[in-house]
Amino acid sequence: MTLVGIIAGLTAALFQSLSYLFSRGYVMRKMGSPLQLVLVSQVYMAVLSIPAIVMTWGGDVPGLSSYLVPLLVSTGAYVVGQSCLFIAMRHAQASRISPMLGFKTVVTALITYIFFDAQMGWQQWTGVATAVSAVLVLSISGGRLPTAALLALGGACLSYAVSDIFIRRLIDSVAPLTLMRASFYSTGISYLLCGIAALVVLALTRQLPLLTRGLSFSVPFALSWLTGMFALFTCFGAVGPVLGSILQSSRGVISILLAIPAARMGFPKIEPSSPGHVVIKRLTAAFLIILAVWLYQ
């Protein structure tokens, strides 16, 4: 079970890193705002989620009342976090934003400590201090992050942490399904709900034409993100949200590595090429965050 969780967590990190590049491309090419990409991509992912629900449906699936609360909390927190993330990427490169999302693990752990009486020893507090040092390294890597990006990052980390905790509760609530069925069903039903809500908002605001704009970035983003979410739900179901977040934090390193070929392939608006010493600083910060969350765990 642990091996399944590890593989799923690393897979989620890879596909999330890919999605960040597509999302920044969508915004920087002025195909739409971050909020518009959130709405459009949710509709695409809802359509893609229907086969997952159909394939995992059966008579042993519990009634909606048994998992309604974790479903609403996890999806609501996710939408807020996603919106904050896109706002942050409007003000900074994906390779700078992605490593700092490693703070989500620290936030998740702190929430469990404050509200669920989890114990913290010296290793955990050392992990928090290490994470702070990583932020200091990132703050001098390629210039200071804009205040708007930092505030949006804080909102993203908090919202994603809440979502992670309730994702695990959602998966537990659809027992006695097997891990894979529970994970795929939970992911599918979550994104179907998000997509329906997004479609209603687009219709009420008369923005349905957005669904056919910027397809070269919005569709790949939706595919990458949803694939990563199927893997992430499986990871959380197998090893829990804290260890799952530790594995997910590897997306910081992956995003930085992906940024190098993206810049060299002629996409400077998505990821401008950075000097070697800046890349080294970012990699150092990314590994510090991974070390921080490992120490906490």
Side-chain angles (χ1 to χ4, degrees), residues 1-16 18-19 38-82 108 112 116 159-202 211 219-245 247-248:
M1 187 69 72
T2 301
L3 179 60
V4 171
I6 291 174
I7 294 173
L10 294 176
T11 300
L14 171 61
F15 280 95
Q16 282 187 313
L18 285 171
S19 72
V38 169
L39 294 172
V40 169
S41 63
Q42 298 306 318
V43 176
Y44 297 151
M45 287 187 278
V47 174
L48 295 170
S49 295
I50 294 175
I53 297 174
V54 172
M55 289 187 296
T56 55
W57 182 262
D60 52 348
V61 175
L64 179 62
S65 60
S66 64
Y67 58 84
L68 180 60
V69 172
L71 172 64
L72 293 177
V73 175
S74 62
T75 53
Y78 153 76
V79 171
V80 174
Q82 194 80 330
T108 303
T112 60
F116 300 99
S159 300
Y160 282 146
V162 173
S163 180
D164 290 353
I165 292 171
F166 280 87
I167 283 173
R168 176 57 186 264
R169 295 193 171 205
L170 173 60
I171 294 173
D172 291 340
S173 297
V174 295
L177 301 184
T178 62
L179 171 62
M180 295 302 295
R181 283 187 65 200
S183 300
F184 274 68
Y185 178 78
S186 298
T187 308
I189 201 70
S190 296
Y191 281 85
L192 179 61
L193 177 63
C194 290
I196 293 173
L199 187 61
V200 170
V201 172
L202 288 172
L211 293 171
V219 172
F221 167 79
L223 286 170
S224 300
W225 185 267
L226 187 61
T227 301
M229 288 301 99
F230 279 127
L232 189 63
F233 273 58
T234 302
C235 175
F236 287 163
V239 299
V242 177
L243 181 54
S245 295
L247 294 165
Q248 191 185 20

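Computed from a predicted structure; not experimentally measured. Sequence positions, counted from 1, serve as the residue numbers for this chain.
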Calculate, to the nearest 0.5 Å, the distance between atoms CG and CZ belonging to Leu226 and Phe15 respectively. 11.0 Å
Would you tell me whether Trp225 and Tyr191 have side-chain atoms, one donor and one acceptor, within less than 3.5 Å of each other? yes
Are side-chain heavy atoms of Met229 and Gln16 found at a separation under 4.5 Å? yes
Between CD1 of Ile189 and OG of Ser49, what distance do you get to the nearest 0.5 Å? 9.0 Å
Report the distance from atom CG of Leu170 to atom CG of Leu72, rounding to the nearest 0.5 Å. 10.0 Å
Using a 3.5 Å distance criterion without hydrogens, assess whether the side chain of Ser224 forms a donor-acceptor pair with backbone atoms of Phe221. no
Would you say that Tyr160 contacts Gln82 through its side chain, given a criterion of any heavy-atom pair below 4.5 Å between the two side chains? yes
With a 4.5 Å cut-off on side-chain heavy atoms, are Phe166 and Leu71 touching? no
What residues form a side-chain contact (heavy atoms from CB on, under 4.5 Å) with Cys194, not counting sequence neighbours? Gln42, Thr75, Tyr78, Val79
Lys/Arg cation over aromatic Tyr185: Arg181, 6.0 Å, 45° cone: no
Is the backbone of Met180 close enough, under 3.5 Å, to the side chain of Ser183 for a donor and an acceptor to pair up by distance? no
Looking at Phe184 versus Phe233, is the centre-to-centre ring distance below 6.0 Å? no
To the nearest 0.5 Å, what is the distance between CG (Leu10) and SG (Cys235)? 8.0 Å
Quick one: pull up CG in Leu39 and CG in Leu202 and give me the separation to the nearest 0.5 Å. 5.0 Å
Within-4.5 Å side-chain heavy-atom neighbours: Leu177 and Thr56: no
State which residues pass side-chain contact (heavy atoms from CB on, under 4.5 Å) with Asp172; sequence neighbours excluded, sorted by chain then number. Arg168
Between Val174 and Ser186, is there a side-chain heavy-atom distance shorter than 4.5 Å? yes
Pick from Ile53, Val54, Leu48: which one makes a side chain to side chain contact (heavy atoms under 4.5 Å, CB included) with Ile50? Val54
Within the side chain of Thr11, is there an N or O that forms a donor-acceptor pair under 3.5 Å with the backbone of Ile7? yes
Could you tell me which non-hydrogen atom of Ala12 sits nearest to which non-hydrogen atom of Ala231, and how far apart they are? N-CB, 3.7 Å
Distance in Å, Ile167 CD1 paired with Thr187 OG1, rounded so as to fall on 0.5 Å steps: 7.5 Å
When you measure from the side chain of Ser173 to the backbone N and O of Tyr67, does any donor-acceptor pair fall under 3.5 Å? no
Closest non-hydrogen atom pair, Ala198 against Val43: CB-CG2, 4.1 Å
